[in-house]
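These notes are about the structure you will find just below.
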There are 2 protein chains.
Amino acid sequence: MEKENIALTDAEWSVMECLWTHAPRTGRELTEELGKTCGWSRSTTLTLLSRLEAKGAVGTESDGRVKTFVPRVSREEAALRETEDLLTRAYRGSLSLMVSTLTKKQALSREELEELYAILKKAEEDGHA
Amino acid sequence: MEKENIALTDAEWSVMECLWTHAPRTGRELTEELGKTCGWSRSTTLTLLSRLEAKGAVGTESDGRVKTFVPRVSREEAALRETEDLLTRAYRGSLSLMVSTLTKKQALSREELEELYAILKKAEEDGHA
DNA sequence: TCCGTTTGTCTACGTTTGTAGACTCACTAT
DNA sequence: ATAGTGAGTCTACAAACGTAGACAAACGGA
């Protein structure tokens, strides 16, 4: 029953991206947009949508003879899923290790830094409040 | 020439993991260990090693008739590669968005927090020194 | 010298992923 | 009715992946 562990492939991310930015969309609109942005043929987009429906990542409703698609998993859920995956696989679950690896390679902008500090402060409060 | 964009698959990560923890290893040792930890047959491990060699992720040396394998990419490189990928795909490149998504779901331990603060401080210094 | 063992290479096969053509049914304007 | 169009479904197919058996050359004892 649970649609937990829904992993998305690269191509599927593109489709979801599209759905996340603008909620219920018809196949028509989706194929059009993805045709432009990804250069896909109509079939490609529709196939991906089917697969996503099968996985439970998107839901459909049929108004008359036209199907509309809605995301069933939020971007956050999907992102979190993959992130935890990566964290486990590549950093033995250590977030700080991940962050330090990133900062070692590219400097953070002042903005990012500010944001990160804010996030940590918040996490701290929520954590032991 | 460049062996830049070397993406690793799940199974390949397991092999690299093995190689990263202990440098030059013979196929023998690797198949043994991975047989235990992953339940793979000899062939599976060897096949993966070949593929990794083809990709340039591991190098080999033949002492006599026994091959020894060494990693050609560091864990950091591999991890960074995937992390940037994920960051782009799932968080539009925003590290802070990623961290906040994570902290929203699971509280960080005091330790992690300390470490993260330290990392940020360091990044700050390095950044505009 | 003959055999079992070790080590390396090839081939294989089912599944997943990316990508897309073909077919069909319904609807509409002539 | 009739042909063209829009929409949905099916089938296809190559490349990537996970997994592994088969085969051959070399090695070490009996």
Side-chain angles (χ1 to χ4, degrees), chain A residues 3 5-19 24-70 78 81-82 85-86 89-90, chain B residues 3 5-19 24-70 78 81-82 85-86 89-90:
Chain A
K3 60 320 202 29
N5 290 41
I6 298 184
L8 301 176
T9 70
D10 273 19
E12 288 171 348
W13 264 91
S14 302
V15 178
M16 294 306 286
E17 208 68 69
C18 213
L19 275 175
R25 299 283 263 300
T26 71
R28 152 66 120 191
E29 299 169 298
L30 290 166
T31 57
E32 201 162 307
E33 175 154 346
L34 287 164
K36 268 182 217 160
T37 62
C38 300
W40 291 345
S41 83
R42 197 180 76 98
S43 290
T44 301
T45 300
L46 277 285
T47 300
L48 266 318
L49 281 168
S50 291
R51 290 183 185 167
L52 284 167
E53 192 186 351
K55 279 187 186 181
V58 311
T60 63
E61 261 175 78
S62 292
D63 294 319
R65 46 211 57 22
V66 178
K67 254 185 172 181
T68 52
F69 301 81
V70 289
R81 203 258 176 207
E82 301 234 350
D85 227 59
L86 176 63
R89 177 167 19 132
Chain B
K3 61 322 203 24
N5 289 39
I6 299 184
L8 302 175
T9 69
D10 273 19
E12 288 171 348
W13 265 91
S14 302
V15 178
M16 295 305 287
E17 208 67 67
C18 212
L19 276 174
R25 297 284 263 301
T26 70
R28 151 67 120 188
E29 301 170 296
L30 291 166
T31 56
E32 201 161 308
E33 175 153 347
L34 288 165
K36 268 181 217 157
T37 62
C38 300
W40 291 345
S41 82
R42 199 180 74 98
S43 290
T44 301
T45 300
L46 277 286
T47 300
L48 267 316
L49 281 167
S50 291
R51 290 185 185 165
L52 285 167
E53 192 185 353
K55 277 187 186 182
V58 312
T60 64
E61 262 175 78
S62 292
D63 296 319
R65 46 210 56 29
V66 177
K67 255 184 170 181
T68 52
F69 301 82
V70 288
R81 203 257 176 208
E82 301 232 351
D85 227 58
L86 176 63
R89 177 165 23 130

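Lettering of chains follows the sequences in order, A, B, ..., and the numbering in each one begins at 1.
When all heavy atoms are compared, the tightest approach of B:R89 to A:L8 is NH1-O, 4.4 Å. A pairwise comparison of heavy atoms in B:V58 and B:L49 identifies CG2-O, 4.0 Å as the closest pair. The two residues A:L19 and A:F69 come nearest to each other via the heavy atoms CD2-O, 3.5 Å. A:A7 and A:K55 make their closest contact through O-NZ, 2.7 Å (heavy atoms, listed as atom of the first residue, atom of the second, distance).
Atoms CG (B:D63) and P (C:dT7) sit 13 Å apart, rounded to a whole Å. Distance B:E53 CD to C:dC10 P: 11 Å, rounded to the nearest Å. The CG atom of A:D10 sits 14 Å away from the C1' atom of D:dC17 (whole-angstrom rounding). Following rounding to the nearest Å, B:L46 (CG) and C:dT6 (P) show an atom-to-atom distance of 14 Å. The separation between A:L48 atom CG and C:dT16 atom P is 15 Å, rounded to whole Å. A straight line from NZ of B:K67 to P of D:dC27 spans 17 Å, rounded to a whole angstrom. In this structure, B:R42 atom CZ and C:dT5 atom C1' are separated by 11 Å, rounded to whole Å. Between B:E12 atom CD and D:dC17 atom C1' the separation is 8 Å, expressed in whole Å.
For the strand DNA chain C, secondary-structure stems (runs of at least three Watson-Crick or G-U pairs, all distances below 3.5 Å) span C:1-30 with D:1-30.
Looking at heavy atoms from C-beta onward, A:I6 lies out of side-chain contact with A:R81 at the 4.5 angstrom threshold. With a 4.5 Å cut-off on side-chain heavy atoms, B:L30 and B:W40 do not count as touching. In this structure, A:E12 and A:R51 have side chains that are in contact, with non-hydrogen atoms separated by less than 4.5 Å.
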Does the side-chain hydrogen bond (donor to acceptor under 3.5 Å, both in side chains) test come out yes or no for A:E53 and A:T60, once each step is laid out?
-> CA-CA 8 Å; A:E53 192 186 351; A:T60 63; 3.1 Å; yes

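Within the nucleic acid shown, A:T9 comes within 4.0 Å of sugar-phosphate atoms alone, with no base atom in reach, counting heavy atoms only. B:R28 comes within contact range of the sugar-phosphate backbone alone, with a heavy-atom separation under 4.0 Å but no base atom that close.
The side chain of A:W40 lies closest to C:dT19, out of D:dG8, C:dT19, D:dG18.
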I'd like a table of atom pairs between the protein and nucleotides 12-15 of chain C - only N or O on both sides, under 3.5 Å - with the distance next to each one.
none

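Distance alone, capped at 3.5 Å, is enough to place a donor-acceptor pair between the B:R25 side chain and the B:C18 backbone.
Side-chain N/O atoms of A:S43 include none lying less than 4.0 angstrom from OP1 or OP2 on C:dG21. Look at A:T44 and you'll find a side-chain N or O under 4.0 angstrom from OP1 or OP2 of C:dA20. Contact annotation: B:R65 does not reach the phosphate of C:dG8 (side-chain N/O to OP1 or OP2, under 4.0 Å).
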